[in-house]
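First listed ligand is number 1; within each ligand, the first listed atom is number 1. Bear in mind the structure is a predicted one, so any value in this text is a computation, not a measurement.
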Amino acid sequence: MSGDLTLNKILGAGLATGLVIMGVSIGAESIYHREAPEKPGYLIEVAEAEEAGGAATVEVLPDWGTVLATADLAAGEAAFKKCASCHNAANGGPNSTGPNLWGLVGRPTASHAGFEYSEAMKAHAGEAPNWTYDQLYGFLGAPAKWVKGTKMAFAGIKKPEERIALIAYL
Ligand code: HEC
């Protein structure tokens with residue numbers, strides 16, 4: 001009699017173990033299945049970024065030699081008010097939400113001491129080592145498209161004249 005009970009316990013334990021293993025493998029499978037579709041989604045995002053970059057480079061760039069000479073610096077200063085909540089532009093001024101922007105034109109991308117740039121901006125420095133006029137023009141028109149994944153939460157300045165004036169001011 002007691003032998004039967006022991007056998008029952010062994011069988012019971014075996015069954016329980018089997019159920020646990022099945023449960024774990026079903027669980028693992030559902031995690032695996034949930035992860036799988038993320039990859040194609042990510043690939044599509046990359047494709048979009050490339051498209052956006054391609055479209056942006058098609059935009060006609062200003063002839064800087066001409067436009068800077070006649071740029072409206074007062075309008076540029078006024079436009080900088082849109083940036084001032086996150087950026088200080090004084091020589092030796094502090095970083096705040098965004099890095100200090102003094103001496104920005106020609107400055108190496110993602111280089112300001114003491115500022116934690118996003119991975120996106122650091123990667124962008126590999127493609128665009130300096131803030132040239134053209135780079136600033138593209139970035140400030142649509143920051144999140146020009147540097148996909150930037151943590152600069154700013155929609156961009158659509159009007160070319162305003163962007164030019166701002167860049168001249170900077
Ligand atoms: C809401 C806050 C915010 C506003 C508004 C903002 N920025 Fe930024 N900016 C940031 C942050 C944050 C970064 C860092 C981005 C990163 O690391 O991805 C940044 C980065 C930059 C950079 C790159 C600097 C470098 O050292 O590589 C430039 C250039 C810049 N901003 C210019 C501007 C200008 C010009 C304006 C106004 C038209 C502006 N930003 C408005 C937050 C802001």
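Nearest non-hydrogen protein atom to atom 13 (C) of ligand 1 is P99 CD, 3.6 Å. Scanning the protein heavy atoms around atom 1 (C) of ligand 1, the nearest turns out to be C86 SG, 2.7 Å. Nearest protein heavy-atom contact of atom 39 (C) of ligand 1 is M152 CE, 3.2 Å. Here the protein heavy atom with the shortest distance to atom 15 (C) of ligand 1 is T150 OG1, 3.4 Å. Counting only heavy atoms of the protein, atom 35 (C) of ligand 1 lies nearest to L140 CD2, 3.4 Å. For atom 32 (C) of ligand 1, the closest non-hydrogen atom on the protein side is L101 CD1, 3.7 Å. Scanning all protein heavy atoms for the shortest distance to atom 12 (C) of ligand 1 gives T97 O, 3.2 Å. The nearest protein atom to atom 24 (C) of ligand 1, hydrogens excluded, is given as W131 NE1, 3.6 Å; this is a heavy-atom distance.
The atoms of ligand 1 that sit less than 4.0 Å from any heavy atom of L104 are 29 (C). For ligand 1 and L136, the ligand atoms under 4.0 Å from any heavy atom of the residue are 29 (C). Near T109, meaning under 4.0 Å from any of its heavy atoms, are these atoms of ligand 1: 27 (O). Counting atoms of ligand 1 from 1 in the listed order, those under 4.0 Å from a heavy atom of K82 are 5 (C). Which parts of ligand 1 touch S118 is read off a 4.0 Å heavy-atom cut-off, strictly below it: atoms 16 (C), 17 (O), 18 (O). Atoms of ligand 1 lying under 4.0 Å from any heavy atom of A110, numbered from 1 in the order shown and given with element: 25 (C), 26 (O), 27 (O). Here is the list of ligand 1 atoms found below 4.0 Å of a heavy atom in C83: 34 (C), 35 (C), 36 (C), 37 (C), 38 (C), 39 (C), 41 (C). Listed by number with element, the atoms of ligand 1 under 4.0 Å from a non-hydrogen atom of A153 are 1 (C).
To the nearest 0.5 Å, atoms NZ (K151) and OG1 (T97) are separated by 9.5 Å. Rounded to the nearest 0.5 Å, atoms NE2 (H124) and NZ (K148) are 14.0 Å apart. Annotation: the span from W64 atom CH2 to D134 atom CG amounts to 6.5 Å, rounded to 0.5 Å. Interatomic distance, OG1 of T109 versus CG of N130, reported as 6.0 Å (0.5 Å rounding).
Distances between N or O atoms of S111 and those of ligand 1 include no value under 3.5 Å. The shortest N/O to N/O separation between K151 and ligand 1 falls below 3.5 Å. Ligand 1 has an N or O atom lying under 3.5 Å from an N or O atom of Y117, backbone or side chain.
Within the structure, the closest approach of A120 to ligand 1 does not fall below 4.0 Å when heavy atoms are considered. Contact between F115 and ligand 1 is present, with at least one heavy atom of the residue lying under 4.0 Å from the ligand. Using a non-hydrogen distance threshold of 4.0 Å, R107 registers as a contact of ligand 1.
Counting non-hydrogen atoms of neighbouring residues, nucleotides and ligands closer than 6.0 angstrom, the OH atom of Y133 reaches no more than 12 such neighbours.
In the hydrophobic clustering of ILVMFWY residues, with side-chain heavy atoms under 4.5 Å counting as a link, F139 and Y169 come out together. Note on L104: it does not cluster hydrophobically with W102, by side-chain heavy-atom contacts below 4.5 Å among ILVMFWY residues. Under the 4.5 Å side-chain contact rule for hydrophobic residues, L61 and I157 share a cluster.
For atom 8 (Fe) of ligand 1, the N/O/S atoms of H87 include one lying under 2.8 Å.
Compare F154, F80, F139 by their heavy atoms: the one nearest to atom 22 (C) of ligand 1 is in F139.
Y117 contributes a side-chain N or O that, together with a main-chain N or O of H112, makes up a donor-acceptor pair within less than 3.5 Å. Checked by atom type and distance alone, the side chain of D72 pairs as donor or acceptor with a backbone atom of A74 at under 3.5 Å. Side-chain atoms of N100 do not come within 3.5 Å of backbone N or O of F115 as any donor-acceptor pair. Checked by atom type and distance alone, the side chain of S96 pairs as donor or acceptor with a backbone atom of C86 at under 3.5 Å. In this structure, R163 contributes its side chain and L136 its backbone to no donor-acceptor pair below 3.5 Å.
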TODO: Check the pair L166, C83 against side chain to side chain contact (heavy atoms under 4.5 Å, CB included), reporting the backbone distance first and the verdict last.
DONE: CA-CA 10 Å; L166 174 62; C83 327; 4.2 Å; yes
